[in-house]
Student: 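Pasting a structure here, questions to come.
Naming convention: chains lettered A, B, ... in sequence-line order (proteins, then strands); numbering from 1 in each chain.
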Amino acid sequence: MKYKSLTISEPEKLIFGDAPLPVKTKRGLIIGGGRVYAEVNFTLPPMEVSLKTLPEVRKHYTEITEGILERAIELNSRGLVLELETLLEMTRTPAIGVELVTVMNEICEKYYQKYNLPVEIRLTPNDLREFDRPPQSRTSSYLDSMLELFELGSKAGGNLLSIESTGGKEISDNALMMCDMKRFIFSQSVLGVRDMEFLWPRIVDIARKNRVIAGGDTACGFGNTAMILADRHYIPKIVAAVARVATVPRTLVAVEQGATGPDKDCAYEGIFIKAITGIPISMEGKTSACAHLSPLGNVAAAAADLWSNESVQNIRLLSGMAPVAYYEQLEYDVRLLNEAKRCGERESILLQKLLVNSDIGYDPQALVLAPGNVIRIAGQIIRGKNSIDATVSGCKEAIKIIREAIDSGQLLTDEKELVWMDILESDINSVPTGESEFVEMMLPELGDTFIPSEYGL
Amino acid sequence: MKYKSLTISEPEKLIFGDAPLPVKTKRGLIIGGGRVYAEVNFTLPPMEVSLKTLPEVRKHYTEITEGILERAIELNSRGLVLELETLLEMTRTPAIGVELVTVMNEICEKYYQKYNLPVEIRLTPNDLREFDRPPQSRTSSYLDSMLELFELGSKAGGNLLSIESTGGKEISDNALMMCDMKRFIFSQSVLGVRDMEFLWPRIVDIARKNRVIAGGDTACGFGNTAMILADRHYIPKIVAAVARVATVPRTLVAVEQGATGPDKDCAYEGIFIKAITGIPISMEGKTSACAHLSPLGNVAAAAADLWSNESVQNIRLLSGMAPVAYYEQLEYDVRLLNEAKRCGERESILLQKLLVNSDIGYDPQALVLAPGNVIRIAGQIIRGKNSIDATVSGCKEAIKIIREAIDSGQLLTDEKELVWMDILESDINSVPTGESEFVEMMLPELGDTFIPSEYGL
Amino acid sequence: MNNDDLLTRILTCVELGKVNRNTPFPPDMKGMDGADELTRLALERGIKPSEILNDALIKAMDKVGQKFADKKIFVPQMLISARAMNASMVHLKPYFQTGEVKRKGKLIIGTVAGDLHDIGKNLVAMIVEGAGWEVIDLGVDVSAQKYIHTIQEHRDAVVGLSALLTTTMHNMRTIVADIKNSFPAVTLMIGGAPVTEQFRAEIGADGYASDPQGAVAYLNSLIHEV
Amino acid sequence: MNNDDLLTRILTCVELGKVNRNTPFPPDMKGMDGADELTRLALERGIKPSEILNDALIKAMDKVGQKFADKKIFVPQMLISARAMNASMVHLKPYFQTGEVKRKGKLIIGTVAGDLHDIGKNLVAMIVEGAGWEVIDLGVDVSAQKYIHTIQEHRDAVVGLSALLTTTMHNMRTIVADIKNSFPAVTLMIGGAPVTEQFRAEIGADGYASDPQGAVAYLNSLIHEV
Ligand code: B12
Ligand code: B12
């Protein structure tokens with residue numbers, strides 16, 4: 001592992017609003033520099049996206065951006081981030097994505113000039129490569145449009161670059177459904193890591209060339225898929241908790257390759273990345289209930305530098321448009337966090353303790369995100385000989401923490417979850433440390449579900 | 001004034017989750033007894049409501065109730081309140097309202113039996129009397145259907161009764177638009193108080209007879225109308241802040257007449273009622289951004305015993321139906337408050353301080369809701385010789401508090417607001433203390449906009 | 001004071017809300033002539049009523065409306081300008097009756113059946129009036145019948161419908177259908193917090209605006225179209 | 001062991017996921033015969049394939065589905081039952097080909113064009129299969145053409161469409177229209193997180209279900225209708 005020690009090793013320092021390596025943006029946000037900002041996410045209502053409907057699409061993004069920034073002025077906001085996470089057609093036809101960045105950026109600039117409100121756009125092209133089945137992670141022409149959108153989008157005002165990359169997804173979905181942790185670890189620590197090592201140098205390059213910021217990646221398609229499945233009782237919560245931890249070494253690669261943060265929302269694993277690397281992170285919690293329900297409403301705020309709502313459609317609520325309503329909710333959450341920071345360390349730590357302790361007794365997924373536990377787990381991860389070893393070590397520590405909490409009665413657990421502890425453990429124990437060994441072991445049972453050469457194997 | 005002293009006279013005791021007079025419900029919620037509960041509010045998407053569409057309407061309320069209670073189980077909730085605030089047709093044809101209470105109550109009972117989850121329904125018939133213009137507050141036949149819904153609805157499972165009564169509305173709307181505080185005070189302290197004195201004994205009677213709980217009233221149509229107008233910059237925020245205070249003696253009448261709480265959401269004036277009487281209250285803040293934006297997102301939680309989202313339509317968000325998403329958000333807010341309570345007084349007071357201080361520097365409407373200021377203002381109100389005097393005294397104290405905060409630089413204020421301080425003050429100073437004097441003064445300028453006899457004048 | 005100066009002074013009176021000599025507001029114009037006196041004077045001097053209307057009153061209300069839209073003044077300040085304008089209009093009334101001056105058009109407005117919310121509708125009515133339109137306000141809880149009855153008497157009017165409740169949006173839909181049924185050519189404009197452009201398209205109304213400024217813009221666009 | 005006992009044992013094997021003698025799961029059935037061996041035995045004994053299908057396999061999957069719906073077991077447990085069922089079905093295959101046994105019907109299912117979300121669709125496919133339907137899974141990003149092509153070959157099939165993105169709901173709309181255009185009589189069932197009953201009505205699909213249990217219920221209702 002590149003990181004040999006934790007950048008943050010005390011739970012009290014792994015706290016919202018402060019990161020050892022804050023990120024300063026063009027318009028003057030200092031993310032992780034002592035203040036938490038809202039990161040607002042939004043998407044279209046049910047409609048077609050194409051060059052034909054572009055005028056209407058643009059109208060939505062204009063209305064959303066105007067609405068949010070107007071409200072930001074009303075609420076005396078000190079700044080915020082807007083995310084443009086593209087949908088298929090916006091990436092497949094990069095001109096659409098670029099047009100939307102441009103439109104949004106013009107409005108941001110207007111508010112910056114007029115009110116001195118610093119707003120930055122995070123541009124997150126979606127990973128198209130999955131449209132080939134199995135994906136051709138390195139040779140697909142989809143890759144070109146993704147990189148083109150990164151390139152042209154950062155020229156157009158996308159000052160923070162991110163992606164939810166999906167390398168390994170062809171293995172992980174079924175692995176999760178079958179609760180096969182060995183396979184899941186393979187998808188993350190071999191395929192995921194290799195894909196990130198391929199993808200992120202390219203993104204970082206584009207960012208450097210265009211003087212924008214390479215934010216980070218998220219294992220949304222892995223960790224959050226697990227969370228959603230657990231939420232529906234499709235898989236045990238314990239499996240989802242361990243799966244979350246298994247995504248960390250994979251997501252870490254972005255930073256190893258030069259991403260500087262803010263890490264992307266959706267990545268509940270961000271807090272591990274912050275502990276290891278010191279970069280600022282975006283987190284989402286209760287105020288992302290518009291996008292998915294979760295057991296992580298409060299604990300997710302423990303170390304957030306940006307606070308996000310994940311995604312809400314531009315539809316009308318009684319108060320007005322949903323993105324504006326959700327922005328307001330985020331801003332009040334953020335006000336509370338910042339008031340604690342203003343008061344000082346004691347107050348911040350206490351508020352953090354309340355946020356954390358209010359959730360961790362109910363769900364193992366919340367438990368593993370408590371700063372103290374994050375530091376324990378991250379401490380094991382950095383000791384790993386390689387990403388596989390790191391992933392396995394992290395998972396083992398997570399299981400240990402969950403076991404302790406169940407045994408001490410601090411974690412409520414459903415009877416039917418318990419049997420999975422042993423299954424998980426023996427699964428994890430069966431993972432060999434060496435990559436070639438692991439690949440050899442898995443290839444026969446994975447058949448043609450993935451293309452080894454697309455991962456440099 | 002009936003209350004001669006404050007039941008709560010220290011800001012630190014005017015705190016969330018604890019009320020001197022907690023209310024115990026049939027299924028075992030103890031509201032104000034040491035724990036905050038969510039109160040979820042919801043309404044229909046755009047559709048017709050009639051006997052014809054009743055099956056579809058019922059389906060909505062079934063789906064909403066099931067959805068929320070299922071999520072409550074997932075989140076290990078310790079109980080909650082569901083509000084049925086009726087729409088026109090549900091009150092005009094009480095059978096519709098009663099049917100919906102019945103349907104909801106069956107589901108509540110099912111979850112109570114199966115999971116021991118205590119859930120209560122707050123039934124809030126809407127005030128129909130405004131359909132006559134000017135309203136015939138006492139002689140209208142609309143009154144009969146309202147009372148019938150109260151009566152039959154409490155038999156059907158509406159265990160908490162409330163209303164947003166609108167006596168005086170025929171004067172207050174224009175008074176607010178004109179920022180005529182004298183008229184507004186007249187609408188509240190004469191017409192509002194008289195109408196409350198007429199209406200509330202009837203509601204309390206029905207509650208006693210059916211062994212349900214008479215919750216309380218809210219000056220939503222007055223205080224919140226002012227807030228919304230200020231939010232759109234139609235009237236000054238200072239006017240809205242003082243208008244809020246002017247609603248207190250009016251809303252207090254419900255308690256004077258036997259209401260025991262929980263006071264209704266929408267009533268940001270609830271915190272004053274709690275200070276004066278000691279009953280538990282429902283408040284709404286940031287998580288009611290689905291229903292209206294506000295400058296009161298955090299401060300509103302300072303003394304909440306129930307925490308509400310005011311109203312959200314049963315429409316689909318990305319995560320699922322909006323009422324469920326909003327319930328989840330409320331539950332996490334409530335978890336945080338309750339974790340502070342679990343930790344103890346020091347932690348609760350600190351969290352309260354953060355909530356309050358994060359808002360009060362930005363808006364006079366937030367400022368007057370800070371517990372310390374509430375106690376100052378309420379202290380003046382109870383010294384009033386009568387409701388008019390009480391209202392005037394409260395308003396004067398509010399203006400004093402706002403002035404102090406502006407002068408000391410603690411409150412950001414727009415230049416264009418400032419001129420209104422003097423106008424407001426001279427307006428308020430022109431109000432005579434005696435009721436008959438006040439009536440005599442106002443009658444000529446109010447013409448036939450209201451019917452004196454309908455207020456016993 | 002030449003005629004142009006006089007018109008400018010009327011404009012100023014309306015803009016600042018100086019109704020007549022006796023009104024105390026604004027303080028620094030105490031004792032000076034207001035819209036009332038100056039309009040009379042202008043007519044005596046033979047200034048054309050249409051000039052007074054267009055170059056003083058409507059221009060003043062335009063400015064006021066703009067200040068309001070820019071959040072520089074509050075509603076009461078706008079209402080006071082409207083009052084000053086009305087004081088002036090009293091003198092123009094005879095010329096309206098003879099047809100010598102004309103308003104831009106007529107708007108019938110009301111909140112739909114089942115709905116009592118009228119603050120927004122009232123604001124729209126006021127600002128549309130200030131923009132030079134005649135406004136017939138039917139109040140709240142207005143049935144299709146009542147709209148139709150009124151349209152019968154004012155065939156050339158545009159009709160505005162307001163709804164604030166998601167349930168009365170349904171009533172808006174049926175009322176729009178009923179009116180269109182009786183008067184296919186009438187122009188219907190809708191508004192109110194829950195109403196959207198999409199809903200307008202869905203129910204077949206002609207115009208939608210989210211605020212009074214939008215309403216005025218839409219109405220004015222109708223004139224230019226003609 | 002009489003025939004009834006044998007069927008019950010097959011049912012138990014499927015319910016608990018005992019594929020064959022060699023599979024280690026469930027631990028307390030180690031070394032015992034599984035669905036594989038017992039089905040062969042049953043056929044040898046002359047038990048009718050339709051009895052095996054209906055009284056053992058489908059009944060077992062019913063129970064499993066119910067446990068799943070009641071949140072008593074997780075997906076992997078259900079998948080393992082499905083595997084055991086498949087081990088049994090291998091032996092029944094010849095009888096399906098001769099038509100001696102029949103499935104309840106056929107479902108063509110796929111995630112619509114532009115959409116890659118298939119976890120939900122896969123679950124539906126699996127549970128519908130367990131309920132006795134033949135399932136033809138077209139995968140993800142399925143165009144109208146591909147649906148139509150497949151329907152051409154399976155005229156009696158019900159078609160299921162899944163969409164998880166608000167933008168691909170639009171594709172769902174056009175695909176539904178295209179299919180209905182080519183095959184007015186085909187029954188279309190839609191689902192996926194953003195899809196609603198209202199949307200179904202709007203786009204003219206025939207059925208909507210929010211989960212696999214609902215999908216099965218809907219499909220079964222089609223049989224009873226016939
Ligand atoms: C004030 C108010 C009231 C007052 C109304 C006073 C009055 N005379 O209008 C009172 C207290 C009486 C009231 C009663 C009720 N209300 Co009410 N009310 C409000 C509130 C707080 C503000 C509305 C308002 O005046 N806004 C300010 C004005 C200026 O804005 P506006 O109306 O949107 O108008 C602007 C534009 O929309 C546009 N516009 C408006 N009309 C038109 C027309 C045209 C042609 C055009 C072009 C433009 C246009 O221009 C206007 C100016 O900018 C809203 C909350 C909210 N978030 O909006 C709830 C709200 C509308 N009410 C609500 C409810 C539920 C009710 C009641 C049913 C409550 C009850 N259970 O008793 C009753 C219903 C009575 C009835 N049958 O109508 C809900 C509606 C929910 C739903 N399902 O639809 C809301 C959204 C509150 C909430 N969040 O739950 N209410
Ligand atoms: C897992 C997931 C992914 C995975 C998909 C893996 C896979 N192989 O399916 C990955 C990471 C690849 C992914 C990618 C993307 N995703 Co995604 N994803 C999700 C997530 C987290 C869970 C979906 C899921 O699997 N749920 C579990 C299953 C079991 O439930 P289900 O799908 O609803 O299915 C059930 C029912 O709906 C029903 N059902 C389903 N189909 C059918 C069909 C029939 C006929 C019937 C009757 C019933 C039925 O039964 C199922 C079982 O109960 C959701 C979040 C959420 N809240 O849902 C986002 C979500 C759907 N994704 C979203 C987005 C934006 C994307 C991306 C565009 C992200 C990006 N910018 O890169 C891409 C799009 C890729 C594409 N073109 O499709 C958004 C959609 C927003 C929008 N505008 O619509 C969501 C809502 C996340 C969010 N909150 O923002 N995603």
Student: Shorter than 4.5 Å, heavy atoms on both sides: which option in D:V140, D:D115, D:N122 has the most such pairs with chain A?
Tutor: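 Of D:V140, D:D115, D:N122, D:V140 has the most heavy-atom pairs under 4.5 Å with chain A.
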
Student: Roughly how far apart are A:R129 CZ and D:L116 CG, rounded to 0.5 Å?
Tutor: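 Interatomic distance, A:R129 CZ to D:L116 CG, rounded to 0.5 Å: 12.5 Å.
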
Student: Check D:D118 with A:R133, please: is the shortest side-chain N to carboxylate O separation under 4.0 Å?
Tutor: yes

Student: Just wondering, more than 12 heavy atoms not from A:N429 lying within 6.0 Å of its CG?
Tutor: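 Enclosed.
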
Student: Suppose a student defines contact as a heavy atom less than 4.5 Å from any heavy atom of chain A. Which residues in residues 164-180 of chain D would they list?
Tutor: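 Heavy-atom contacts from residues 164-180 of chain D to chain A are D:T166, D:T167, D:M169, D:H170.
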
Student: Just by distance, do the side chain of D:K72 and the backbone of A:K416 share a donor-acceptor pair under 3.5 Å?
Tutor: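 It does not hold such a pair.
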
Student: Drop me the distance from A:Y234's OH to D:I73's CD1, to the nearest 0.5 angstrom.
Tutor: 12.0 Å

Student: Find the one option among A:T225, A:L229, A:L88, A:I235 whose heavy-atom pairs under 4.5 Å with chain D are most numerous.
Tutor: A:I235

Student: Quick one: which residues of residues 40-56 of chain A reach chain D at under 4.5 angstrom, heavy atoms only?
Tutor: A:L44, A:P45, A:P46, A:M47, A:E48, A:V49

Student: Looking at D:E197, I'd like to know if its CD atom is crowded, meaning that more than 12 non-hydrogen atoms belonging to other residues, nucleotides or ligands lie closer than 6.0 Å.
Tutor: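 Check passes, neighbour count above 12.
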
Student: Measuring heavy-atom distances to chain A, does D:F68 have an atom under 4.5 Å in its side chain, in its backbone, in both, or in neither?
Tutor: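 For D:F68, side-chain heavy atoms alone lie under 4.5 Å from chain A.
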
Student: NZ of D:K71: more than 12 outside heavy atoms within 6.0 angstrom?
Tutor: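 Counting neighbours around NZ of D:K71, more than 12 heavy atoms of other residues, nucleotides or ligands fall under 6.0 Å, so yes.
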
Student: Looking only at heavy atoms and a cut-off of under 4.5 Å, which of A:R92, A:M178, A:R232, A:E130 has the most pairs with chain D?
Tutor: A:M178

Student: If you count every heavy atom of other residues, nucleotides or ligands that lies below 6.0 Å from A:E445 atom CD, does the total exceed 12?
Tutor: yes

Student: Just so I understand: if I count every heavy-atom pair under 4.5 Å between each of A:E415, A:Q313, A:H233, A:E89 and chain D, which residue has the most?
Tutor: A:H233

Student: Within residues 52-66 of chain D, which positions have a heavy-atom distance to chain A below 4.5 Å?
Tutor: none

Student: Residue by residue, which of residues 74-83 of chain D have a heavy atom closer than 4.5 Å to a heavy atom belonging to chain A?
Tutor: D:F74, D:V75, D:P76, D:Q77, D:L79, D:R83

